[in-house]
Amino acid sequence: MNRNRIILNGDEIISSNEIEISWVELKSVRNIYLKKTDKWYYPDRYETLSEDFKNKINNYRHLLRELPQTYDNANDAWDNFPMWKEEYKA
C-alpha cells in the first residue's frame, strides 16, 4: 500500500509527503480484506476450491493476520501490506 500523498494543480505537483499510519487504521483496512475472503470459508464453497487456491487464500489471510507481529510499526506494516489479487474475488 502506498503512503505517499501527492497534491496536484493540473499537472503540477504542489506538494508531496508521506502520511503516518496508526495500528488502528492498519487493522481497520486489514479487517476489510479479511472480510472479503471470509466467503471462501463457507463449507459448501470451501469444499469446491482447488488445493492450490486454498493454499493461496490461506497464506494471504495468514499474512494479513500476522502484520502486527511481523512489523515493529504500522508504517512498515502498511508498506508491506499483502496485495489483494483479483483471483481472490468472485
Side-chain angles (χ1 to χ4, degrees):
M1 305 271 262
N2 192 333
R3 293 188 299 120
N4 294 324
R5 179 182 300 161
I6 298 172
I7 299 174
L8 300 171
N9 181 9
D11 292 337
E12 179 187 356
I13 296 176
I14 296 174
S15 71
S16 175
N17 60 354
E18 201 168 65
I19 60 173
E20 296 292 316
I21 302 295
S22 71
W23 281 115
V24 170
E25 292 168 308
L26 182 124
K27 288 177 181 179
S28 176
V29 172
R30 178 195 65 176
N31 289 342
I32 291 168
Y33 283 94
L34 285 169
K35 192 172 204 83
K36 285 182 173 190
T37 59
D38 281 348
K39 64 184 170 212
W40 294 114
Y41 290 88
Y42 298 140
D44 61 329
R45 204 166 205 193
Y46 193 75
E47 294 168 3
T48 66
L49 301 176
S50 71
E51 288 302 315
D52 183 53
F53 188 81
K54 286 178 186 178
N55 289 335
K56 286 178 183 177
I57 206 75
N58 287 339
N59 185 52
Y60 179 71
R61 289 173 60 90
H62 176 75
L63 291 172
L64 288 172
R65 286 190 305 273
E66 292 296 314
L67 284 170
Q69 291 78 25
T70 304
Y71 297 97
D72 292 332
N73 63 69
N75 291 323
D76 288 343
W78 188 269
D79 292 342
N80 292 284
F81 200 93
M83 296 303 296
W84 172 258
K85 296 183 179 169
E86 284 303 308
E87 67 186 82
Y88 302 155
K89 202 168 144 184

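Numbers here simply count residues along the sequence, with the first being 1.
- Note that the CG atom of Leu64 and the NZ atom of Lys27 stand 13.0 Å from one another [nearest 0.5 Å].
- Within the 4.5 Å cutoff, no side-chain heavy atoms of Tyr71 are placed close to those of Asp79.
- Legend: residues meeting side chain to side chain contact (heavy atoms under 4.5 Å, CB included) with Asp52, ordered by chain and number and at least two apart, are Ser50, Lys56.
- Among residues two or more places apart in sequence or in another chain, the side chain to side chain contact (heavy atoms under 4.5 Å, CB included) test is passed with Asn73 by Asn75, Asp76.
- In this structure Arg61 satisfies the side-chain hydrogen bond (donor to acceptor under 3.5 Å, both in side chains) test together with Thr37, Asp38, sequence neighbours excluded.
- The side-chain heavy atoms of Trp40 and Asn58, taken from C-beta on, include no pair separated by under 4.5 Å.
- In this structure, Ser22 and Ala74 approach most closely via the heavy-atom pair C-CB, 3.5 Å.
- Atom OH of Tyr60 and atom NZ of Lys36 lie 7.5 Å apart (nearest 0.5 Å).
- With sequence neighbours left out, Asn55 forms a side-chain hydrogen bond (donor to acceptor under 3.5 Å, both in side chains) with no residue at all.
- Here the closest non-hydrogen pair linking Arg65 and Pro68 is O-CD, 3.5 Å.
- Under a hydrophobic clustering in which Ile, Leu, Val, Met, Phe, Trp and Tyr are joined whenever their side-chain heavy atoms come within less than 4.5 Å, directly or via other members, Ile32 and Trp78 fall into different clusters.
- Closest approach of Leu67 and Ala77 over heavy atoms only: CD2-O, 3.9 Å.
- Checked against side-chain hydrogen bond (donor to acceptor under 3.5 Å, both in side chains), Asp11 has no partners two or more places apart in sequence or in another chain.
- With values rounded to the nearest 0.5 angstrom, Tyr41 atom OH is found 9.5 Å from Leu34 atom CG.
- Between the CZ atom of Phe81 and the OH atom of Tyr33 there is a distance of 6.5 Å, given to the nearest 0.5 Å.
- Hydrophobic clustering of Ile, Leu, Val, Met, Phe, Trp and Tyr side chains at less than 4.5 Å, counting indirect connections, unites Leu26 with Trp84.
- Under the side-chain hydrogen bond (donor to acceptor under 3.5 Å, both in side chains) criterion, Thr70 pairs with no residue, sequence neighbours left out.
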